[in-house]
Every structure is written in structure tokens, then in C-alpha cells.
A.B. asks: 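Take this structure first; my questions come after.
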Protein chains: 2
Amino acid sequence: MADYKDLDRKVIKLSKQVVRMCAEAGSGHTSSSLALGHLTTALLYRVMRYDPKNPWHPGSDRLILSEGHAVPIVYAAYCDLGGVVGQLNQASELRFSDATSLRAADSVLDGHPNPAIGFPFFDTATGSLGQGLSAAAGLALAARMSGSAQRFFCIVGDGESREGQVWEALDFIVDQKLTAVRAIFNCNGQGQSDYVSSQQSPYALGQKLAAFGWDVKEIDGHNWDEIFEALKAEPGEKPVAIIAKTIKGWSVSSLQSVASHGRAVAEDQVAAALAELDAKAGELGVAELSDSDCAKLTEPLPISPPPGGAISAGSLSEALQAAGLGDALAAKKLSTRRAWGAALAALGADGRVISLDADVKASTFANLFEKAYPDRFIECKIAEQNMVSAAAGLAAGRRIPFVSSFAKFLTRAYDQIEMAAVTNSNIKIVGSHAGVSLAADGPSQMGLSDLAFFRAFAHTHRADGAPAIRVFQPSDAISAFKLTEQMANLDGLCYMRTHRPDVPFIYDENEEFTLDGFKHLIDGEDIAIVASGYMVHVAKQACKVLEEKAGLSPSLIDVYAMPLQTDEIMQIGDDCRGQILVLEDNYAGGFAEEITTAASKSDLGVMVETMCVPRIPKSGRSPEELLAMAGLAVQNIVEKVQKMFDQSEG
Amino acid sequence: MADYKDLDRKVIKLSKQVVRMCAEAGSGHTSSSLALGHLTTALLYRVMRYDPKNPWHPGSDRLILSEGHAVPIVYAAYCDLGGVVGQLNQASELRFSDATSLRAADSVLDGHPNPAIGFPFFDTATGSLGQGLSAAAGLALAARMSGSAQRFFCIVGDGESREGQVWEALDFIVDQKLTAVRAIFNCNGQGQSDYVSSQQSPYALGQKLAAFGWDVKEIDGHNWDEIFEALKAEPGEKPVAIIAKTIKGWSVSSLQSVASHGRAVAEDQVAAALAELDAKAGELGVAELSDSDCAKLTEPLPISPPPGGAISAGSLSEALQAAGLGDALAAKKLSTRRAWGAALAALGADGRVISLDADVKASTFANLFEKAYPDRFIECKIAEQNMVSAAAGLAAGRRIPFVSSFAKFLTRAYDQIEMAAVTNSNIKIVGSHAGVSLAADGPSQMGLSDLAFFRAFAHTHRADGAPAIRVFQPSDAISAFKLTEQMANLDGLCYMRTHRPDVPFIYDENEEFTLDGFKHLIDGEDIAIVASGYMVHVAKQACKVLEEKAGLSPSLIDVYAMPLQTDEIMQIGDDCRGQILVLEDNYAGGFAEEITTAASKSDLGVMVETMCVPRIPKSGRSPEELLAMAGLAVQNIVEKVQKMFDQSEG
């Protein structure tokens with residue numbers, strides 16, 4: 001029988017540090033951390049093949065702490081190991097004492113794991129529960145594409161396993177045969193406010209995991225032999241899930257009640273808690289032992305990550321021909337969703353580009369990529385949350401994932417998208433069938449609130465000052481194609497919105513699209529019309545009517561990106577009798593607010609009127625019927641402009 | 001052996017109508033509908049205890065079509081039965097021929113089920129997948145509370161069962177022992193773009209459902225004996241799940257390939273499809289049979305739904321005393337989340353009020369309700385999506401559910417919330433720990449994008465002209481208490497945002513809060529400061545500094561509701577040197593946009609500056625540290641106002 005006294009000693013040391021650091025911070029999940037003392041020590045000091053001095057090594061085994069609140073125990077260990085933090089060009093080593101900076105404003109030891117603030121040991125931000133296993137799956141996909149035998153250890157809480165996304169990930173990992181993922185369920189039997197349901201008992205979890213096609217190993221999460229046997233087990237056909245029975249607040253009695261979740265030990269009880277851990281050390285016969293040579297680390301694996309550099313989609317003509325869409329070139333008419341698909345297929349010549357879709361590839365046109373690069377097309381089935389978090393894992397594995405579904409269905413994954421934004425994850429999200437032009441399928445399939453949600457992130461900055469999410473809404477196939485190429489080359493999270501109907505080309509194939517986000521299509525002098533996406537086409541028709549029937553000369557501006565540069569647009573508005581009309585096929589909160597915000601801060605005194613979708617729509621058989629329902633038909637716009645013009649005259 | 005010839009005849013008739021109606025609409029999921037011909041006929045003509053002439057009967061068995069795209073077969077049957085549609089006071093009977101109005105702009109037969117547009121046979125809008133079983137659970141909870149033995153038949157697609165929410169619902173139904181729910185999995189083996197994964201095969205589903213604690217019955221979904229035996233089975237301890245193996249595009253060969261999802265039969269192939277169904281009728285020996293007396297309906301059950309009427313929370317003092325928070329009255333200090341919990345507990349005197357929480361009751365303070373009314377407190381565990389959809393089911397069952405979790409975690413359920421808005425569902429959503437004042441836990445726990453998302457719905461109207469969602473952000477305990485009472489009495493979806501820190505009372509206990517959404521707290525003349533929620537307290541401190549140090553006299557307006565009435569605020573801005581500064585502790589897109597939009601449409605020429613959270617935050621140990629990180633500290637505000645003032649002078 002192996003001697004684990006040095007590991008026992010280490011667990012005591014780290015546990016004491018966890019008690020101290022949470023007490024110092026005044027908060028932190030002490031009890032959850034103590035439940036993971038043995039598992040963390042086994043992983044970080046013995047099992048994982050990695051180098052704490054180089055957490056960026058692309059061939060490392062990785063730990064994904066899905067129950068992010070238990071992070072203090074990992075911080076304690078990583079500090080003890082002198083782990084490196086910061087940015088690649090500005091790295092520094094932690095010391096054991098640094099752990100007590102937990103949750104301080106100037107510390108990289110955030111309340112929950114977050115690589116973006118300088119803790120590169122982790123790949124994705126966690127803390128909103130249920131997302132880690134999906135991220136691990138994405139990392140494992142990337143590793144497999146690089147031919148690497150890395151392993152991805154993911155710790156999931158028992159209460160956390162109630163989140164549906166966990167079961168999406170379990171299906172996905174089996175579908176994709178990602179046996180490099182080792183799922184560890186930390187079964188301490190307690191949730192945040194109560195005991196976990198019997199539906200999440202070790203027994204129930206075991207039954208479920210087996211039914212989902214996993215090889216289940218149930219262990220005592222504080223027994224070294226059982227821990228090592230399970231962690232080192234090589235999977236066969238099935239991926240391995242470890243059910244680790246643990247004690248929340250291990251060895252600290254005051255932390256073991258069900259009311260102790262998320263609690264730091266009170267200042268005046270710290271000494272007692274530490275004494276309990278010392279007593280445990282005595283009981284284990286390790287009170288006097290040194291823990292200094294506990295770590296037996298194995299080097300990361302050699303790996304050749306994909307090279308960097310710019311990615312080209314080539315010319316639209318060639319891409320459309322390659323995608324079998326040559327007819328569109330002659331007709332000069334194509335939907336933005338199809339143009340996106342053709343662009344994606346063209347970008348696929350770069351091995352970093354991956355396409356993930358949620359069983360709607362024939363509608364989003366991700367199937368154009370699949371046809372060209374079947375090995376890099378990942379069918380995620382109807383499980384959008386797992387898809388987005390898996391993409392975040394792929395991005396952490398240095399891939400450039402494009403995630404596609406109907407814009408409406410991606411609403412399902414807004415929490416996951418927000419966590420990807422916290423991570424500064426380099427994923428590209430494409431929502432199709434946006435707006436009311438989808439028509440017949442009705443509001444359950446239409447993306448209408450998406451621009452309001454994503455605009456919030458377009459105006460939120462990452463640490464480096466770039467927008468947390470860049471938003472694109474192309475109006476035609478040319479802009480869709482060019483902006484897709486641009487998304488692939490931008491560093492960071494992007495969202496693109498595409499539409500169902502075929503629409504005429506607006507731009508020449510050689511047009512370039514800057515991040516300023518607008519094109520002045522028609523230069524007029526009576527009212528500036530600002531439109532985005534599908535509404536640009538409706539606006540063009542309205543402009544024609546206004547010219548021919550009313551003798552008016554409106555300006556027309558196509559806005560296609562957020563954040564939007566608005567100075568010149570304000571100037572155009574000022575030149576057009578100081579009046580702007582914004583047109584959108586979504587609920588309030590999108591491009592209209594880009595313009596109204598600019599106008600309210602500008603001293604030009606431009607007045608802005610907005611027309612967006614003012615009601616929850618229903619089905620209709622054509623885009624025109626839906627536009628009429630939303631008060632966005634050509635005639636509505638003509639009347640509105642006429643009214644604004646009359647007022648400016650009057 | 002029973003004779004099912006009349007049912008066979010009916011299935012043929014309805015199937016032919018489905019082919020016709022989708023062809024007429026030019027779209028619609030013909031093949032999915034044909035897979036459900038037998039199950040729908042069994043349910044609507046024989047098994048369900050309901051009255052198609054009175055779909056509002058509160059004691060009806062209900063059908064929840066989670067895979068909403070298969071709705072044409074239900075419409076065909078309901079029209080055949082002369083089912084009633086419209087509103088209670090303006091109802092009309094459908095005829096068989098009405099089915100061909102599918103998806104027309106003036107038809108109640110929307111592309112996907114939606115009671116809000118006048119199809120009351122359904123309780124909640126479906127179409128975004130995976131939500132129906134949760135809604136069924138909510139309906140079953142309401143029925144149990146009313147002592148009713150209603151049954152809730154929920155049809156879920158096999159591909160759809162990949163959605164994690166389905167597994168959340170399965171757990172929830174077992175936890176809550178809701179055996180009135182009968183889950184029917186329609187296993188036709190095809191998804192939207194491909195075959196379903198082997199993870200969703202009838203065998204795999206059966207294994208999983210059994211592991212989740214369900215009594216599984218596998219049947220041939222086109223075999224009457226097996227269908228009736230399964231549908232009529234009385235559950236024991238375990239809820240019953242039926243795995244029905246079906247054929248997508250039953251009896252129409254052109255619809256059976258995997259590329260046929262969501263397809264209407266082309267105009268020139270309709271005759272051939274109908275001929276195939278006629279041939280099938282011949283094969284079954286029912287070609288000449290009348291189907292006229294097929295329906296053998298059973299009356300709905302007698303039931304006493306809870307009475308209506310206004311709900312009172314009583315006085316704040318009494319509610320706080322009752323909740324054990326009497327000390328706060330003396331201290332005049334309490335967090336908005338605690339005040340919400342006390343209000344909820346007080347409202348619980350009305351039996352319609354239900355509290356649902358996702359394992360954070362001790363943090364949201366839903367536990368105050370639980371303590372008072374344990375039978376009406378529903379612990380949903382860590383599964384926010386199921387919680388929201390279950391609440392929609394409860395609301396359909398004439399209850400008034402309050403759904404609480406951290407605002408951040410509710411992001412997880414934005415798709416479900418949007419579907420509840422499509423339904424016009426009367427649910428109340430409360431997100432706690434909003435904004436940066438949460439501090440130490442970091443961005444994975446902070447609600448920052450919520451106001452941008454919900455504002456989109458505050459400006460979207462329901463059919464009756466009311467906002468799709470009303471949004472509230474109280475600044476103190478008094479307003480939190482009063483607005484909670486108001487939410488309970490409003491008809492429709494409401495969202496309230498509460499904060500973690502204790503804050504001083506701002507208002508007198510007798511203050512009333514209108515839906516105008518603002519209070520003019522300080523009447524000044526140099527810059528109008530508009531603040532919401534926690535930021536009102538920061539703004540008050542800034543005002544004090546501005547008065548004492550700079551001799552300025554700012555106005556201060558507390559804005560607490562969206563949609564916000566802005567006319568008077570614009571006037572106040574105009575009176576304050578034409579300048580307004582808006583303060584928010586969230587990302588862009590919330591109250592600031594209420595003001596900028598108003599300003600840009602107003603001819604008063606008021607200039608607006610906004611300060612919100614401009615970056616993705618990280619942990620800090622105090623709200624003050626986080627405010628400083630976001631540039632929202634008292635000093636930042638003072639400097640900004642001083643600068644605006646200087647410019648207005650210069």
C-alpha cells in the first residue's frame with residue numbers, strides 16, 4: 001500500500017490556507033474548497049502533465065473547474081507550486097502567501113476562475129454553473145485536431161449537475177467520442193441553500209451517467225488509492241465519469257452544516273478551524289512532516305498548435321462558385337445567410353476555422369462548410385448552450401470556431417455567451433433568420449431581442465480596451481461575405497445576424513467594410529434614413545417612392561456594425577434638416593439606440609425618430625405581411641418621412 | 001381486439017388536411033405532423049377529458065406540444081372538432097376548412113402554438129424547443145394545488161430531447177412527484193437536418209428516462225392498442241414516460257427522407273401525396289367509412305380555481321416584523337432583496353402567490369416566503385430554464401408565480417422568458433445581486449446585461465397594448481416592497497432587479513409608486529442627475545459633495561420603472577441648464593437609453609451624458625472598489641458633473 005503522508009500533509013496545508021484566504025477576503029466558498037482538497041492535490045501535484053511555470057504550454061493537461069466557486073483550493077495549490085500568472089509578455093510567479101490576496105481588486109485571484117484577468121491556468125471563466133464540461137469538450141476537440149493526447153479533467157458539483165447543459169455536454173462528449181475528457185462529479189450532498197435532491201445522489205448520478213453512455217467509477221473523494229486509480233484509468237470506448245463522494249467543509253466542523261455554503265470562517269473562529277485541521281494532521285500522523293517535495297510533476301506533451309496569421313476568404317465570386325451558388329452572381333441576389341455559409345466554407349481553407357451548428361445547418365447554411373470540411377464541422381444537435389461553451393473551449397485550444405443557429409435559439413445560450421465574453425473568448429456567433437422577415441414561422445423562431453442584448457457588450461470594454469463583443473448585421477451578400485472574413489480575423493467575440501430572404505446585391509464585389517460600421521448609400525438633403533440589414537432594402541424602396549411621388553431627396557445610410565462610429569452620421573443628419581429616421585426589424589435597443597445616444601450627446605441638435613418592431617409579432621405568409629404588421633412597410637416609412645419633413649417645414 | 005376503423009379513417013382525413021394546409025401556407029412541418037397523426041387522434045378524440053367548445057375550462061386535461069412545429073396535425077383535429085378560438089368574450093368555432101388558414105396573418109393558427117393570439121387550447125407558446133415539459137410540470141403543480149386530478153400530456157421530439165432543459169424538467173417532475181404529467185417522446189429518428197444521434201435513440205432514451213426515475217413504456221406510435229394502453233396507464237410512484245416510435249411523413253413517401261423536415265408538399269405534388277393517403281385508407285379498409293362519430297369525449301373535471309381580486313402586502317412595518325426584520329425599521333436600512341423577500345412573504349396570504357427559486361433562496365431571500373408558506377414554495381434546484389417555463393405553466397394554471405435567482409443566472413433562461421412574453425404569461429421574475437455592488441464574487445455572478453435585454457420588451461407591446469415586460473429597479477426597501485406588491489397585481493410579465501448591499505431608506509413608508517417610474521428626489525438647477533437602484537445612493541452622496549464643495553445645486557431623479565415616462569424628466573433637464581447625467585450600475589442599454597431616446601426625440605435640446613459600467617469587471621472586496629473600477633465612484637460623478645457644469649458655463 002502506497003504511502004501518501006506527504007499528500008496528506010499537503011492537503012492540510014492547503015486547507016488551512018483556504019480557511020485563511022477566505023477569511024482575509026471576507027467571503028469565498030471555504031466548505032466547497034475543502035471538499036476538493038484531496039482531488040485538487042492529486043491532480044495538481046501528481047496526475048496532470050503540465051508546468052505551473054508555463055501555463056500557456058499548448059500541450060498541458062488542463063483542469064476545468066466547472067463549479068468555479070470552489071476555486072480557493074486551486075489557488076492555494078497553484079500559489080504553493082509557484083505557478084505563473086499574468087500575460088505571456090508580463091508573467092510573474094505566485095508565492096504561497098499571495099493566496100491571501102483572494103478577491104482583492106488588484107489580485108488575479110478572482111472570486112471565480114477567469115483567465116482574462118491574468119490567471120492562465122484556466123481556459124475559460126466559470127462560476128455560472130454547468131458550463132465547464134462543455135468547455136472541456138471543446139478543448140478536447142481542439143487537442144484531437146492537433147493530434148494531442150492531452151487530458152481534460154473537469155470537476156462538476158453534484159448540485160450543479162442539475163443544470164441541463166451538463167447533460168447536453170455528456171451527450172456531446174459521447175457523440176464526439178471525446179474520451180480525453182474526465183468528468184469528476186464532486187458529490188458532497190449539499191447545494192447552496194439545502195441538501196441536493198435525491199435525483200443528484202451519487203447513486204442516481206451513477207445510474208444516469210451509465211445511461212448516457214459513460215463508464216462510471218464511484219470513489220471516496222478523500223481516499224488516495226481510489227482517487228489515483230480513478231484519475232489514472234485509461235478509458236475504453238466510453239468516456240470516464242468519476243463520482244467522488246466528498247465532505248463539504250472537510251475536517252472543519254463549523255463548515256459542515258448545510259448553511260455553510262459560500263461562507264468564510266469568521267475572523268474569531270479562524271484559529272479554531274485551523275486547530276481542527278492541525279488536529280487532523282496529528283490524527284493522520286503528518287503534523288511534523290515536510291510537504292516540500294510533494295509535487296511529482298510530469299512535463300506537458302509536445303504539440304504543434306495550428307499556426308497563426310491572417311485568414312482570407314478569397315473572392316466572393318470564387319466562393320459562391322465553389323459553394324454551388326454561381327447563379328446568384330448572375331442574378332445579383334442572395335440571402336445574407338447563404339453568403340455567410342459560402343464565406344465560412346472559403347475561410348475553411350485555414351485549418352483553425354471550425355463550424356459548429358445545432359441541427360439547423362441546412363437553414364443557417366453551415367452545411368456549405370460541412371460539405372467542404374466535414375472533419376471540422378461539429379454537429380452539436382439541438383443543444384445550444386453546450387455548443388457555445390464548447391466553442392469557448394475550442395477557442396482556448398487556439399481554434400476559430402463559428403457557432404451558428406437561428407438567432408432566436410441562440411437566446412438560449414446568452415449566459416454562456418456572456419461567460420465567453422468574460423473570458424475574452426475568440427468565438428464567432430452567427431444568428432440566422434433574424435427579424436420579422438422570417439414571417440411564416442412566427443415569433444418563436446425570430447431573433448428580435450438579440451441586438452438589444454449584444455449592444456450592451458458592444459459598449460463594454462475588455463481589459464485591452466476593445467469591445468467585449470463586436471456586432472455585425474450585413475444588408476447584402478457582399479457585406480455578409482466581407483464581414484464574415486473580417487470576423488475571422490478579429491481577435492475576440494463577434495456576433496453576426498443574418499436574414500432568411502434572398503435580397504439584391506447592394507455593393508460591388510470589391511467594396512471594403514471598415515469597423516466604422518456604416519455606408520452612405522444615397523446622398524440627399526431631406527431627412528437622413530438610417531437602416532440596417534434587411535431594412536436597408538425596404539428603405540431603398542421607400543426612398544424611391546419618396547423621390548418619385550413626393551419629390552423628396554432623403555439620404556440613406558446602411559449601418560452594419562456596433563459599436564458604430566456616429567460622428568459622420570450626425571453630420572449627415574445635420575445636413576438633412578437636422579432629422580434622422582432609424583429603421584430596424586427588431587425590438588428596441590439596437591442600432592436605433594446607437595443613433596439616439598449619439599444625438600443626445602451631440603451639440604448639433606439632430607432630432608431622431610425610430611421605427612422598430614413595436615409588438616410581439618405573429619405568423620404571416622410573407623415578409624411584406626410581417627413588415628406591415630410591425631408598421632415597417634414601405635408605405636409606413638414613406639408616411640413617417642413625409643410627416644417628419646412637413647414638421648421640419650412647419 | 002378493438003375495432004379502430006373510425007380512428008384510422010380520422011387519421012387519414014387529418015393527414016390529408018395537414019398536407020393541404022401546409023401546401024396552402026407554403027410552409028409548415030408536414031412530416032413531423034404526420035408522425036403524430038395517431039397520437040393526436042387518440043388524445044383529442046378519445047383520451048383527453050376536455051371540451052373543445054370551452055378550451056378555457058380550468059378542469060380540462062391539457063396537451064402541451066413541446067415540439068411546437070408539429071402543430072398542423074393538432075390544428076387539423078381541433079378544426080375538425082369545431083374547437084373554439086379567440087378570447088373569452090369574443091369566441092368563435094373553427095370549421096374543418098379553417099385549417100387551411102395556417103400561418104396567415106389574420107389566422108389564429110400560427111406557425112407554432114401560441115395561446116396569446118387566440119388559440120386557447122394551448123397554455124403556453126412553444127416552438128423554441130425543450131420547454132414544454134417544464135410548462136406541463138407547472139400546470140400540474142397548479143392543478144395539484146387546486147386538488148384537481150387533471151392530466152397533462154406533453155409531446156417531446158426525440159431530437160428535441162437533446163435540450164438540457166428536458167432533463168431539468170424530468171428531474172423536477174420526479175422531485176415534485178408530478179405524476180399527472182405524461183411525457184410522450186415522439187421518436188421518429190430524424191431531426192431538422194439529419195438523423196438524431198444514437199444518444200437519442202428509443203433505446204438510449206429509455207435507459208436515460210429509467211435512470212431519471214421514470215416508468216418507461218415503449219410503444220409503436222401508430223398502433224392503437226399500444227397507444228391507448230400507454231396513454232391510459234395510471235402511474236404508480238413514478239411518472240410515466242412513453243417512448244412512441246413513429247414514422248416521420250407517415251404514409252407519404254416523398255416526406256420520409258431526412259431532407260423533408262419543415263417542408264410543405266410542393267403544389268404539384270399535393271395530389272400524389274393525397275393519393276398515397278387514400279391508398280393507405282384503402283389498405284386499412286376504411287376508404288368508404290364515415291368518420292363523423294369518431295370523437296368520444298369526456299367532460300372536463302369539476303375544479304375550483306383560486307379566486308381573483310387584488311392582492312395586498314399590507315404595511316411594510318408589519319411585513320418586516322413578520323419576517324423577523326424589525327431591526328431594519330429602527331435602523332432605516334435594508335437591502336432591496338430582503339425587502340422583496342418580506343413583501344413576497346406578505347403577499348403569500350393570497351393563495352395564488354407561488355415562489356420558485358433555484359437553490360439560492362438564502363441569498364435572494366425567497367426563504368422568507370418559504371418559512372411562511374412552505375407548501376407554495378417550489379425549490380427548483382440549480383435549473384433556471386425549467387424554473388421559468390414551469391412558472392409559465394403555473395401562470396396558465398391561474399397562479400401568480402414569482403421566480404427568483406441571481407440576475408446573472410436568470411440570463412440562462414432568457415429564451416424561456418422570451419417565450420413567456422410571447423405567451424403573455426403572468427409571471428414575475430426577480431433577479432438579485434444585480435450590478436457591480438455584489439463586488440467580491442466577480443462578473444460570473446453579476447447581472448450586468450439584464451436591463452438591456454429586458455428594456456427591449458418594455459418597449460414591445462402585447463396585443464392589448466401593454467408592455468410585453470415591465471421592468472422595475474427599486475432603490476430602497478420601501479420602493480422594493482411597494483413595487484413587489486404592484487407586480488403581483490399587474491397583469492403580465494414583470495422583471496425586478498434587486499441588489500445585495502443594505503442601503504438606507506429613501507422613502508417614507510407611505511410613499512406610493514406609479515408606473516410613471518420616477519421620483520424627483522432633489523430639486524436643483526445645475527444639471528439633472530438621473531439614477532436608478534443602488535446608484536441613487538451613490539448619486540445622493542455625490543450631490544452632497546457637489547453642494548458642499550462646489551456650491552452646485554443638482555437635481556436628483558430616482559428612476560425605477562421601464563417603460564419610463566420621460567416628459568417631466570426632460571422638463572427637469574431643461575430647467576437644469578439643459579443637461580442630464582444618467583447613472584447606472586450595469587452595461588449600456590438600460591435607463592440611460594430611456595433618457596437618451598427621449599432627449600433625441602424632444603425639441604427641448606437637452607444634452608445627455610451617461611455613466612454605466614464600461615468594462616467587464618473583476619472581483620473587489622467592497623462595492624466602493626467596484627464602483628471605482630467602473631468609474632462610478634462618488635468622486636467620478638462629482639468630476640463629471642463639474643465638467644458638464646463648466647461646459648454649460650463656457
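Below, read A as the first sequence line, B as the second, and so on, with proteins coming before strands; counting in each chain starts at 1.
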A.B. asks: Checking A/I616 against chain B: side chain, backbone, both or neither under 4.5 Å from a heavy atom?
C.D. replies: both
A.B. asks: Using non-hydrogen atoms and a 4.5 Å limit, figure out which bit of A/M607 sits close to chain B: side chain, backbone, both or neither.
C.D. replies: both
A.B. asks: Which region of A/E160, side chain (C-beta onward) or backbone (N, CA, C, O), has a non-hydrogen atom less than 4.5 Å from a non-hydrogen atom of chain B, or is it both or neither?
C.D. replies: backbone
A.B. asks: Would you mind telling me which of A/R455, A/Q207, A/Q445 has the largest number of heavy-atom pairs within less than 4.5 Å of chain B?
C.D. replies: A/Q445
A.B. asks: Need one label for A/Y203: side chain, backbone, both or neither, based on atoms under 4.5 Å from any heavy atom in chain B.
C.D. replies: neither
A.B. asks: With a 4.5 angstrom heavy-atom cut-off, is it the side chain or the backbone of A/A125 that approaches chain B, or both, or neither?
C.D. replies: neither
A.B. asks: Give, as side chain, backbone, both or neither, the part of A/S602 having an atom under 4.5 angstrom from any heavy atom of chain B.
C.D. replies: backbone
A.B. asks: If I measure from the heavy atoms of chain B, does A/C380 come under 4.5 Å with its side chain, its backbone, both, or neither?
C.D. replies: backbone
A.B. asks: Side chain from CB out, backbone as N, CA, C, O: work out which of these in A/S197 comes under 4.5 Å of a heavy atom of chain B, or both, or neither.
C.D. replies: both
A.B. asks: Verify, without hydrogens or angle tests, whether A/K381 (side chain) and A/F172 (backbone) share a donor-acceptor contact under 3.5 angstrom.
C.D. replies: no
A.B. asks: For A/E379, which atoms come within 4.5 Å of any heavy atom of chain B: side chain, backbone, both, or neither?
C.D. replies: side chain
A.B. asks: Just jot down the side chain to side chain contact (heavy atoms under 4.5 Å, CB included) partners of B/S128, sequence neighbours excluded, or say none.
C.D. replies: A/K408, A/F409, A/R412, B/Q131, B/D415, B/M419
A.B. asks: For A/D603, is it the side chain, the backbone, both, or neither that has a heavy atom closer than 4.5 Å to a heavy atom of chain B?
C.D. replies: both
A.B. asks: Does the Lys NZ or Arg CZ of A/K208 fall within the cation-pi geometry relative to B/F212 - under 6.0 Å from the ring centre and within 45° of the axis?
C.D. replies: yes
A.B. asks: Does any backbone or side-chain atom of A/V166 lie under 4.5 Å from a heavy atom of chain B? Answer side chain, backbone, both or neither.
C.D. replies: neither
A.B. asks: Contact part of A/E24 toward chain B, heavy-atom cut-off under 4.5 Å: side chain, backbone, both or neither?
C.D. replies: both
A.B. asks: Taking only residues two or more places apart in sequence, or in another chain, which ones meet B/D357 in a salt bridge (charged side-chain N to carboxylate O under 4.0 Å, His left out)?
C.D. replies: none
A.B. asks: Would B/E168 and A/R162 pass as an ion pair if we require N to O under 4.0 Å?
C.D. replies: no
A.B. asks: Heavy-atom distance under 4.5 Å to chain B: side chain of A/H29, backbone, both or neither?
C.D. replies: side chain
